[in-house]
Structures are given as structure tokens and as C-alpha cells.
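Whatever order the structure lists them in is the order used to number ligands and atoms, beginning at 1.
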Amino acid sequence: MNVPEFFGSLVFNDAAMKERLPKGTYKALKKTIEEGKPLDINVANVVAHSMKEWALEHGATHYTHWFQPMTGITAEKHDSFITPTEGGGVIMEFSGKELIKGEPDASSFPSGGIRATFEARGYTAWDPTSYAFIKDGSLCIPTAFCSYTGEILDKKTPLLRSMEVIEVQALRVLRALGDETTERVMTTVGPEQEYFLVDKEIFKKRKDLIYCGRTLFGARPPKGQELDDHYFGTIKPRVSAYMKELDEALWKYGIYAKTKHNEVAPAQHELAPIFDSSNIATDHNQLTMATMKDIADKHGLVCLLHEKPFAGVNGSGKHNNWSMSTNTGKNLLDPTKNPRENIQFLVFLAAVIRAVDDHQDLLRIAVASAGNDHRLGANEAPPAILSMYLGDDLSEVLRSIMYHEEYTKKDAPIMETNAGVLPNFVKDTSDRNRTSPFAFTGNKFEFRMVGSAENIACTNTIINTIVADALCDFADELEKAENVPTAAEELVRKTLQQHRRIIFNGDNYSDEWVAEAQKRGLLNYRSLPEALPHYTDEKNIRLFGKHGIYTEVELRSRTEIILENYSKIINIEALTALDMAKKDIVPAVSSYIRDLAETASLVRSIDAEIVTLPEVELVKKLSNLLACFAKKIDILDQAVLGAKEVEGVAESATYYKEKVLAAMQELRAVADEMESNMSAKYWPYPSYGTMLFSV
Ligand code: ADP
Ligand code: MG
């Protein structure tokens, strides 16, 4: 396999453009990409023509504007290149206008009340900074999506805005600190993607997986993840074949798929790409998720991206590795050899610390989803409380600044292997902390609260904006300082003193931390309905308004969409649970009871003297459970009906969590108890053991 040869072969990338576009056009397009200059229609026409020729050569017949509406997943509407000619033939055409602008009917995408359905006009606009690519015979053109009246309706536009905002502010800080050469600052992201694989035939037998992406019932299997034998374990041949084909497919899309391994839970795996600009990383992550599903299907598998498909074993997240780098290739979060002397690094680090502390609410909101609620705060993922891990070494540096103390750099310790054949090596200066939600990992921050199914655009829009806001204030201060080095050091010191409560290097999963965090005054929004209403707090409207990310109307509409979506998801889950309970579980248990009772009376007819019969005991037990189950069905039925009476999106979401979800959990507990006491032959669904160990 010659990877360099086919890498990016399905992408109209820089190499393809350079090769095919006239020099002038290529230059004009590059200017647009690199400097954000508007694109001339004549240039667009030439680009469109080349792009089409290239696409036809690669077997495409259609094109689509590929965008990310607020549903989070990507949307596409395909048009063919055909244009009729006289005499009943066709030619393949594609104009600059078609490249740069599309008009999908926007009425069926969520807009949170921004746009009434009768004014359904929406526009997609080409994002030339993200390369077009070919998927399933269509030329896909990454685009932004907005309404006729100009409000944004997607996830890409705010991300692009936030990247511009943080660039401006970072450059101001760099200039103030004496950097005259850096011209561009780009935020970079490497999202590590976790997922589960289950056998397709088994998947098809579970309505809950089909409708909800997660199991709503299922007794614990005898073996889960307690032996820790899956993490980094040998990859099974079927999974390995899947991963191999997945890598190939991603490489053709120009995605730097790099690392793959088994994760903690059985049937759980991870894929990590090499980092890229936030915008490209987001598009690529969307494409990666779609490709994971497509390839799984070919292998008789189903890829589950839900945050919590199975109770009792780890859920899936997406570690969002984030940093900032310059056009000169410098990583602004690289501590370098002596961070104590690197004031530029310290200023940028301080900005992130301030941002996270000031906007814990927004980071929590960024990762809120019905699926992720099952994960955050459970004993596996980071808790719902935001805190930052900096490691011992960096904490020492910051201490010395805060308290005006001497800092002596510790030499990196040597690891002695004590086995002659093994080399001794230099260790990292600090260990990792796997439990921290926002951890400094050498030269980047790893935000670990993001859910596996989520679009990372929202998370990164928020990280970029809050850090930009801190940098903006820092720049204001540094620009007017007389002695910049002293002012910068003072700025770092003041920031640390004000925000040190957000730094926590200990175990984030412990109960002590929850109590300690409360003492420190850190936020703890345990669920989406609790967190989301704060999106439109005065402070946040001001923040997003100041930096031109969201208007108040846009922010309110987004809040509404997220809350509504949460209620809808739980409603679907509740209806699925009821369907399964009534149509499958009750009949299964009752027929098992009948067979047990028949056996018992048969035995008695042979030997009337027999006193205790195991069948009779089991009949009693299961009958009691079934009666209880029937009551729980009733309660859930009522809860679902009651939802119609609740007014207001926030109130409704709270109701769904407190009443409907709670009733589902009680229903499940009884079902799982029955399953544990039933003959496997009678239980209507594949068991947890079968699902988790099926591949
Ligand atoms: P781990 O699983 O130990 O956290 P990995 O090596 O699997 O580490 O993943 C680290 C991720 O961080 C990769 O996607 C990598 O590309 C990304 N990354 C590395 N440097 C940067 C950076 N400067 N900015 C953003 N992401 C980065
Ligand atoms: Mg990681």
C-alpha cells in the first residue's frame, strides 16, 4: 500500500489547485484562503470549472453544499452537474455561482424561532478554507449556512468568527510583548474519537439501539471491564480489518488518521488524528464520524457514537486537544526549556486559566447533550465540575510567580529500568492526570468533557471566544504599560492569584473533590436542563456580542434548540422503552411464567406429595416483579402524557429529566432484575454479554 500516493486523492487540495488552476486564479484563491479576502466571481467561475473537471475525472456526477446545521450532524442536498443541450443531450456544468452560494430550503432545519417556516429561505456559502472532496460520487463543498435575514443557522460560521477573533487578540498580545514578525495565529485541534463496535445482526434485534443509539434495558453481564484487559489489548482480526479500511478511507479524504487502539470498555475503541486548524479539524471530525459508520456497515458491524450506549461500562468521549500556533510554526502553549523565563508562554497560559475560571458555565454548556449527561459525573469521565490540571512542574513555576519565590528548574528524572538490556531514559517531568476535565498535556490543553457524538464546532467556538476575551483584556493592559516585562509578570501574578481556585491536580473522581470544589465556589451543573438556561445570562450575551460571535437573538435561538432537542430525545427514548416493555418484555415474562406454572402442575400431578417446587418459587418471584413492572409502565406512560402540559422549553427539559428519565430508570431496574432471573431463551433481546463480546 502506497499511502503517500493515495493520501488526499479524493480532495481538491492545494496540490490539485496548483496543478489545475491558471497561475493568477490560484494566487487569487490563495489570497482568499490565507487572508480572508472576498472572492471575485470571475475567479470563482474558473475555480468551479477546474473543480468540476477534477471531480468528473474522479467519477463524480453530483455536487452538494455540505454544511453543519444546528442538528450537529452534516447536511447535504445533491444536484447533478447535468445541463440539457439541444437535441436531448446533456453536458456537465458547474458555475462559480453554484460553487459559492446555495439555497437549500431552510424550513426543516432547527432555527429556534429565528425564522418562521413561511420565510424558509436559507443560504449556504462556500468556505474556501476547507477543501472540497468527493464522497459517494458527489463533490462535497464545505459551506456555512445562514438565513435570508442574515442570522447564522449553523455551527461553522461562529467557529470561523471565533478563530478570527482570537487571532486578532493573540496578535495584539504578541505585538505588545515585542513580537514584530508573527503575521497569523491559528487555533489547532486534535480530537480523539472514541466509539463502540457491535455486530450488525445483534444490533438489529435491539429497538433501543436502533431508535436511540443506546440500550434502555439490559442486565449487567458476568464480565464487564473489571479486569482492565481490553484497554490497549490486542485488536481482534475483525476489528483490525475494520480499522485498516477506515484508515485508508480517511487518508483518501486527506485526514491524518494516526493512532488507533482498544479503549477501556469491551467493544470500545479510539481513533486519533494529527491535529489541524480548528475549522479543518471540525470538518474532518464530522467526516470521520460519518466514515466510521459507513465502513462499519461494510464489515457487518455497527459503529455506536453515543456517549453511553451501555450502562455499567465506560461511555465514549472526544478529547479535544487545543492549542494556538503561529504562521512561523511556533506553538504558543509550548513551555520551552525554561517556562519561568518565558513570559510570552506564561501570558498565554494565564489567559487560558482566566478564561476557564471565568467561563466554567460556557464550557459546561458547550458539552451538554442528552447523551453526555449520562457520562459527566459518572465514575469514568471527568465530573461536571470544571477544573484545570497543570502538573507539578508548571504548578511550581506558577507558585514561584505568585509568591515571588525563587524557581529552580528540576532536571527531568531518569527512569532506571534495572535490566541490562533495556535502556534507561529520561522521564517527563510530571505524570499525567487522567481525571482532569481540562488538562495541560505538555504543549496543549486537553478538554475531556466533550461527548463522542458531538460536533466539536461549538466547543471550540467557546474555547476560542473565552480565551480571546482574556487576551483582549491582557492586550489592553500591556499596550499601555511603560515597562512591558514587569507589567506582564504582574499581569500573570494577578491572574493566578485571582483564578487559582480553578487549578486542581488531584483526583477529580473523588467525593472529596466535589465538596472541595463547592467550597472553592466552582460551578457544578449536573445536567443539561440545569446548565443551558445560563447560556443567555447577561455576562454571556455581553461576551458573545462584544466579539461578534452571536447576537442575543442567535444565542437565545441556540439555547432554545438545544433544550428542545434534549426533550425530544428523552421523549423518543421513553416511547421506545414503553414499546419494548409492552410489546416484548411483558409477553416474554408472562409466557415464561406460564411455562413454569405448567411444569409445576405437571410435576404435582405426578407426585402430589412434593412440598416445594423451584418453579413455583420462581413463578412467585417473577409474578411480583411483573406486577411491579406493570406499575412502572403506567407511571412512565403518565409521565410522557404529562409532558404536554408543561410550558416553556427550559421547564419542559427539566420535566423530562426529573419525571420522564427518572421513570425510565425505575422501569429499567425492574426489567433488568427480571432478565437476571429469566431463561435466556425467553428474553426478547440479545444480552449485554452478547452485545459487548459479539465482535
Ligand atoms: P493521549 O491519548 O495520550 O491523550 P494522543 O497522542 O492519542 O494522546 O492524542 C493526542 C492528540 O493531541 C492528537 O490528536 C494530537 O494530534 C493532538 N495534538 C498534539 N499537539 C497538538 C497541538 N499543538 N494542538 C492541538 N492538538 C494537538
Ligand atoms: Mg487523550
Side-chain angles (χ1 to χ4, degrees), residues 159 162-163 166-167 170 182 184-195 228 230-233 235 243 246-247 250-251 253-265 268-289 292 314 316-336 339 342 344-345 348-349 351-352 355 380-382 388-391 394 427-450 452 456-457 459-464 467 508:
L159 177 65
S162 74
M163 288 170 71
I166 194 170
E167 170 167 32
T182 302
R184 311 255 3 218
V185 172
M186 174 175 86
T187 49
T188 50
V189 171
E192 300 163 50
Q193 177 73 48
E194 291 181 339
Y195 61 98
D228 292 325
H230 192 255
Y231 191 55
F232 282 19
I235 300 170
M243 288 177 165
L246 177 61
D247 277 340
L250 295 177
W251 290 334
Y253 288 136
I255 297 173
Y256 302 110
K258 173 85 175 163
T259 312
K260 53 187 179 185
H261 61 79
N262 286 351
E263 260 299 331
V264 174
Q268 194 185 28
H269 313 280
E270 181 186 294
L271 180 142
I274 297 172
F275 69 95
D276 214 321
S277 91
S278 307
N279 182 32
I280 307 287
T282 302
D283 284 0
H284 280 178
N285 183 244
Q286 292 295 110
L287 191 52
T288 299
M289 291 194 284
M292 282 177 156
N314 274 10
S316 298
K318 183 140 58 190
H319 292 175
N320 191 88
N321 294 274
W322 180 93
S323 191
M324 288 170 272
S325 65
T326 67
N327 60 313
T328 54
K330 212 159 60 181
N331 179 348
L332 294 175
L333 289 178
D334 182 355
T336 58
N342 186 343
Q344 182 188 301
F345 163 72
F348 279 93
L349 180 71
V352 182
E380 48 172 283
M388 297 172 90
Y389 170 80
L390 296 177
L394 210 48
K427 288 199 288 188
D428 291 311
T429 43
S430 69
D431 203 356
R432 292 165 166 254
N433 182 326
R434 287 264 163 217
T435 68
S436 175
F438 210 102
F440 187 74
T441 46
N443 58 3
K444 61 185 191 290
F445 274 100
E446 182 168 341
F447 183 35
R448 303 199 175 111
M449 286 166 88
V450 188
S452 49
I456 56 170
T459 290
N460 288 293
T461 300
I462 284 176
I463 298 178
N464 294 350
V467 176
N508 283 260

Within the structure, is a non-hydrogen atom of E446 found at a distance of less than 4.0 Å from ligand 1? yes
How are the rings of F445 and F438 set relative to one another: parallel (under 30°), tilted (30 to 60°) or perpendicular (over 60°)? tilted
Can an N or O of [X] be found at a distance shorter than 3.5 Å from an N or O of ligand 1?
X	result
T188	yes
E192	yes
F275	yes

Under 4.0 Å, heavy-atom basis, I'd like to know which part of [X] is in contact with ligand 1: side chain, backbone, both or neither.
X	answer
H319	neither
R434	side chain
N331	side chain

Hydrogens and angles aside, do T336 and N342 bring a side-chain donor and acceptor to less than 3.5 Å of each other? yes
Could you tell me which non-hydrogen atom of [X] sits nearest to which non-hydrogen atom of [Y], and how far apart they are?
X	Y	answer
V189	S278	CG2-OG, 3.7 Å
L333	F345	O-CE1, 3.3 Å
S452	Q193	O-NE2, 2.9 Å

Where ligand 1 meets I274 - atom numbers and elements under 4.0 angstrom, heavy-atom basis: 16 (O)
Which atoms of ligand 1 sit under 4.0 Å from any heavy atom of S323? 22 (C), 23 (N), 24 (N)
Look at atom 14 (O) of ligand 1 and find which of S277, A272, P273, G442 reaches it with the closest heavy atom. P273
Going through the checks in order, is the side chain to side chain contact (heavy atoms under 4.5 Å, CB included) test met by M243 and I235? CA-CA 9 Å; M243 288 177 165; I235 300 170; 3.8 Å; yes
Any non-hydrogen side-chain atom of P191 less than 4.5 Å from a side-chain atom of H319? no
